[in-house]
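The structure appears below as structure tokens.
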Protein chains: 2
Amino acid sequence: MQSDPTLRLRVFDLNCWAIRYLSKRRQERVRLIGDMLHREDFDLVLLQEVWSEQDYSDLKVKLGGCYPFSHYFRSGVIGSGLCVFSRFPILDTLLYQYSLNGYPYMLQHGDWFCGKSVGLVIIKISGIIFNVYVTHLHAEYCREKDAYLPHRLVQAWELAQFIRHTSKAADVVLLGGDLNMHPEDVGIRLLRGWTGLQDAFAEATHFEGCEDGCTLVPNNCFTDKSELLPFPLGIRIDYILYKAISSFMVKCEELKTTTGAAPGMDIPFSDHEAVMATLHIQRQAQATGTTLGTAEPMLADVVTEAQTEVGMGLRAAQQQRYSSGRMAVLALLLLLLQATAALGALVGLDAGQPFPKLSFCLLGFLAIGILVLATGLHLFHTMEVKMLHGTEEQMRMVLRTLQERPSDG
Amino acid sequence: MQSDPTLRLRVFDLNCWAIRYLSKRRQERVRLIGDMLHREDFDLVLLQEVWSEQDYSDLKVKLGGCYPFSHYFRSGVIGSGLCVFSRFPILDTLLYQYSLNGYPYMLQHGDWFCGKSVGLVIIKISGIIFNVYVTHLHAEYCREKDAYLPHRLVQAWELAQFIRHTSKAADVVLLGGDLNMHPEDVGIRLLRGWTGLQDAFAEATHFEGCEDGCTLVPNNCFTDKSELLPFPLGIRIDYILYKAISSFMVKCEELKTTTGAAPGMDIPFSDHEAVMATLHIQRQAQATGTTLGTAEPMLADVVTEAQTEVGMGLRAAQQQRYSSGRMAVLALLLLLLQATAALGALVGLDAGQPFPKLSFCLLGFLAIGILVLATGLHLFHTMEVKMLHGTEEQMRMVLRTLQERPSDG
């Protein structure tokens, strides 16, 4: 078995920043991305933020020759933005939409409308089953006071759980995407620890690209320089992660990133840098048991850390649920009061009219508006509380199992 | 290997109809259910519509002795209502919330608020891995003109996909729940055909209970008799389904249903009858390959039938998206017109005031109200279109694969 030939797989990952009407020079960049993918001839292409189905269709037409198989994942109002192009047949697909993904009323952020998800495509190459996952987690808008951290942690947890549960028959697991987390963030440690996925950047024999493998760099003309001020080299938030299950071994031979402007052009492909990995996959003589990525006592620490953050998010969500519920009750009381006053005026209990009609009506409409909005908010935060609570409990269950198991770390 | 002892597993499934404030004699029935479960000592209990966490906690306390392991699945505004009690340790859990589940504005139906889902618990008994799924699909309110059929079909499809993708390392798969589909409905045939699950009622060596295995019967004092008029025996919509993967064999030795009033009581446990299966699980000498439940040409017919229904749902959703979008645009136009008129009056362009102030304000508020509601509806139906479209495309992909594969049916 040791003499089995090595399979060489070239994987491309990019957050394309292709938001209709909002992303600068979108069509030109999508064309450039298509040209480059056509030229470079990767085996597997994982894209995020392809939010226009027309862009996907255009890419599909252009790349049909070299990547005959592709899949676009639909979800949310705008779409998940996730798609995959492959040189090898896609056998099956599955989409898992994260249960929490920001707030619908945070229109300026808009993550909620994208229905952020993880997409799975199953591919078989030379008899080896690849479970390929592509995802995009909730953005981080303010690192110092990150209101979305609990949601992103729930997503990282659901991503890990989804990978664990769906990859049991896979030989090789690949995950590519914009995780919106720095390499040392608790979410990444949780994801890697709980799935056993390895970071292609950290494992690569050769590396070429932006320093420290950064994928959001000041050098890129589309990035917001002020956001990157605390990180003069940039940040690394786009990843290719992998692991072999059963009797296979995966090695990252080479990792590259783009470095700002596309070759021969004045603009980069996107505001993110692309990540390109060359993986070597070989059958092993002896099957290694499935292992977790992190020694168990350390994993327990990571899960505890994540659970604490989710717990803090839970308390904040409970507070918001309470406030919106109280607001709805107050609006309802005001309406009842007005109804009583109006009724009183009708049956002639009041001598004079306490309010002019117009103000009375305006107040009534205001109360109805607040009642509807506050009720909607209350329902939304009730769902948020349910999901945070459920995740916290799942984590607690895992911790119990980790602590009960005889340590082999 | 043939001499391996047979594992006998007793499974209980019930839609408990335990909706706070709405279900009749809820607390009394939950107590009765707890007493019976305690007395009967099943191995695995799958419950639906346990919508109050307090009811779950009470059951957990009462059943702690005989079912030391349990899990409650949280989702949606009200909760998924799903929970599992087990005599054996639960190793892991996962929740998948269906992407479509009715409409939030259908308050009288309320399915949307439950966040209907499928819950998975993994259990190991005598070294055999059981993937146990519990679910509850969207209700059918009018069989003749079932507006929710496309949503229920999307749920059946997602359920089948979820089971297929997560059960690859399982030895035995069990599914229990209220599927809200009659045995010959396209959704059940799709689910069974695409997963290979077998119907415990159809396979049982011995059967005892309501005629035809019905689980919603006129004999039950809580059922709505008028709804069951076309079905004098009742209908069968609650199931225990199973299959063995790899080298195991499962047989249903006995299937029972309750038959109205609980023994010695004047009321039944619920408006549904419980389903109780005794399964025999044995290791086989020779591993049988994983097979689909239905011969492939027949499966292709079922998928085509489902795809047609989903396609019809897609067109209806597109129509609703269009109507709500048009309504939002009209409301916006009315508001703009009013703004122009008000501005005109302010700068003195109009000699007299065309409207009395009050009517003008009322009209403005009406327009704002319609704009907000229509925009909300438009966003919702856009998501609906995305998910129906995605499912239709997945089905088309499966059909292509089925048709390309050399037939072995």
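Each chain gets a letter, A, B and so on, in the order its sequence line appears, and its residues count up from 1. Here the structure is a predicted model, which is why all the values come from computation and not from measurement.
- Of the possible polar contacts, none joining the Q97(A) side chain to the S99(B) backbone as a donor-acceptor pair under 3.5 Å is found.
- By the 30° and 60° cut-offs, the orientation of the rings of Y96(B) relative to Y96(A) is perpendicular.
- If you measure heavy-atom distances from E53(A) to chain B, the contacts under 4.5 Å come from the side chain alone.
- Proximity to chain B (any heavy atom under 4.5 Å) is shown, for N131(A), by neither the backbone nor the side chain.
- Across all their heavy atoms, T166(A) and T166(B) have their closest contact at CG2-CG2, 3.9 Å.
- The distance from the CD atom of Q394(B) to the CG atom of D92(A) is 7.0 Å, given to the nearest 0.5 Å.
- Using a 4.5 Å cut-off between heavy atoms, E158(B) makes no contact with chain A at all.
- Checked by atom type and distance alone, the side chain of Q161(B) never pairs as donor or acceptor with a backbone atom of L95(A) at under 3.5 Å.
- Applying side-chain contact (heavy atoms from CB on, under 4.5 Å) to V77(A) and the options H378(B), M383(B), H381(B) leaves one that passes, M383(B).
- If you measure heavy-atom distances from E393(B) to chain A, the contacts under 4.5 Å come from the side chain alone.
- Interface summary for chain B: among E384(A), M397(A), H389(A), the most heavy-atom pairs under 4.5 angstrom belong to H389(A).
- When each of T382(A), T93(A), L379(A) is checked for heavy-atom pairs under 4.5 Å with chain B, T93(A) comes out on top.
- When all heavy atoms of I78(B) and K386(A) are compared, the closest pair comes out as O-CE, 3.2 Å.
- Atom OH of Y322(A) has 12 or fewer heavy atoms from other residues, nucleotides or ligands within 6.0 Å.
- In this structure, chain B has a heavy atom under 4.5 Å from the side chain of F113(A), while its backbone stays farther away.
- The heavy-atom pair separating S75(A) from M387(B) by the smallest distance is CA-SD, 3.7 Å.
- When all heavy atoms are compared, the tightest approach of R74(B) to G390(A) is CD-N, 3.9 Å.
- Considering all non-hydrogen atoms of both residues, H165(A) and L120(B) come closest at ND1-CD2, 3.8 Å.
- Between R164(B) and L94(A), the closest side-chain pair of non-hydrogen atoms is not below 4.5 Å.
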